[in-house]
Amino acid sequence: MKSKTSRLDRFISQNSDYSISDTRRLIAQKRIFIDGIPAESIQQRVTEFTHVMLDDECLNDNEPVYIILNKPKGVVSATKDHQHSTVIDIIRHPQKNDLHIAGRLDLNTTGLLLLTNDGAWSRKISLPETKLLKTYEVTLANPLSQEYVDAFKQGIYFKYENVTTQPAHLEILSAHTAKLSLIEGKYHQIKRMFGYFRNEVLALHRASVGSLTLDGLGLGESRLLRTFEVAQSGGVMPFKQPARHHQYY
Ligand code: URA
C-alpha cells in the first residue's frame, strides 16, 4: 500500500547507470521523458505511477488499477483465506495479486467493493475526513421507527472505542428495510448501530461509495473503473490507457 514519490535525479540514479549529477545533462539533452513529455527539472516528482523513459528504456511503467466488484455473500474481503474464497479469487486481472481492498465488507455483506494498487487513493476513500458518503440497503429483523432516524443522526456511542459515530442518515423504506448513508467505516459499524436497538441486520448491501455505483454489475461481477470514475474519485490517470487490460473485462 506504499505510495512513494522521489525526485527525478534520485529516481534516475536508483533506476539506471546514471548518477544524480548526470541527470541535469540528460534533461538538457532531452533524453528523459515523463509521462510522454521531456523532463524539465531535476526536482520533478516521480510517483509509483509516473511513466519514465530514458532514451529507449522504460524505467517505470507501473499502471494504477482500480476495480469495482459487486461482492457476493460468503466471499471474504481479504487477499488470502484458508476457509472461504476471497475477493481476489473472484476477479480477473493480470495484476490481481498486487491489489488491496479499499474499504472491507463483512463476509455476508454484498455490494460495492473497490480494489486497487494505489495506496494513496484507498486511504483517501476510506478516511472519514474525506467525508465520502457510502450508502447501504439494510434489512432488519424487527420493525424500524423514527427513533432510529433520530438516534443515527445524533450518533451512536461505541463503548469499545469510546467514540460516538458521526451523524448518519437513515431513510426508512418499509417496516423492515431502510437506506443508510454514512461517511465512516468502523468495524461492523452498521450491525453495531442497529445492535444499539437490539435489532439484527438480516441483509446488508453497499449500493454506492461517493459517486461510484454498481451500475448494472451483477453479484460476483467486476470491471475496471471508467476513466471519468477514476478522475472523479481522485485516482491517478494512467499515462497509457490500460487497453491491454480491457480484454479481461
Ligand atoms: N457495516 C457492517 O456492519 N458491515 C459491513 O459489511 C459494512 C458496514
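Please read all numbers here as calculations on a predicted model, not as lab measurements. Each ligand, and each atom within it, is numbered from 1 in the order the structure gives.
Here side chain to side chain donor-acceptor pair (under 3.5 Å) pairs that include residues 167-176, with residues two or more places apart or in two chains, are Ser174-Thr177. The ring-ring contact (aromatic ring centres under 6.0 Å, His included) pairs that include a residue from residues 116-139 are Tyr66-Trp121, where partners are two or more places apart or lie in different chains.
In this structure, the side-chain hydrogen bond (donor to acceptor under 3.5 Å, both in side chains) partners of Glu161, at least two apart in sequence or on a different chain, are Arg192.
When all heavy atoms of Asn62 and Glu48 are compared, the closest pair comes out as CB-O, 2.9 Å. In this structure, Glu221 and Gly216 approach most closely via the heavy-atom pair OE1-O, 4.1 Å.
Between Lys30 and Asp55, no side-chain nitrogen of the basic residue sits less than 4.0 Å from a carboxylate oxygen of the acidic one, so the salt-bridge criterion is not met.
Sorted by chain and number, the heavy-atom contacts of ligand 1 below 4.0 Å come from Leu105, Asp106, Thr109, Tyr136, His188, Gln189, Ile190, Lys191, Leu204.
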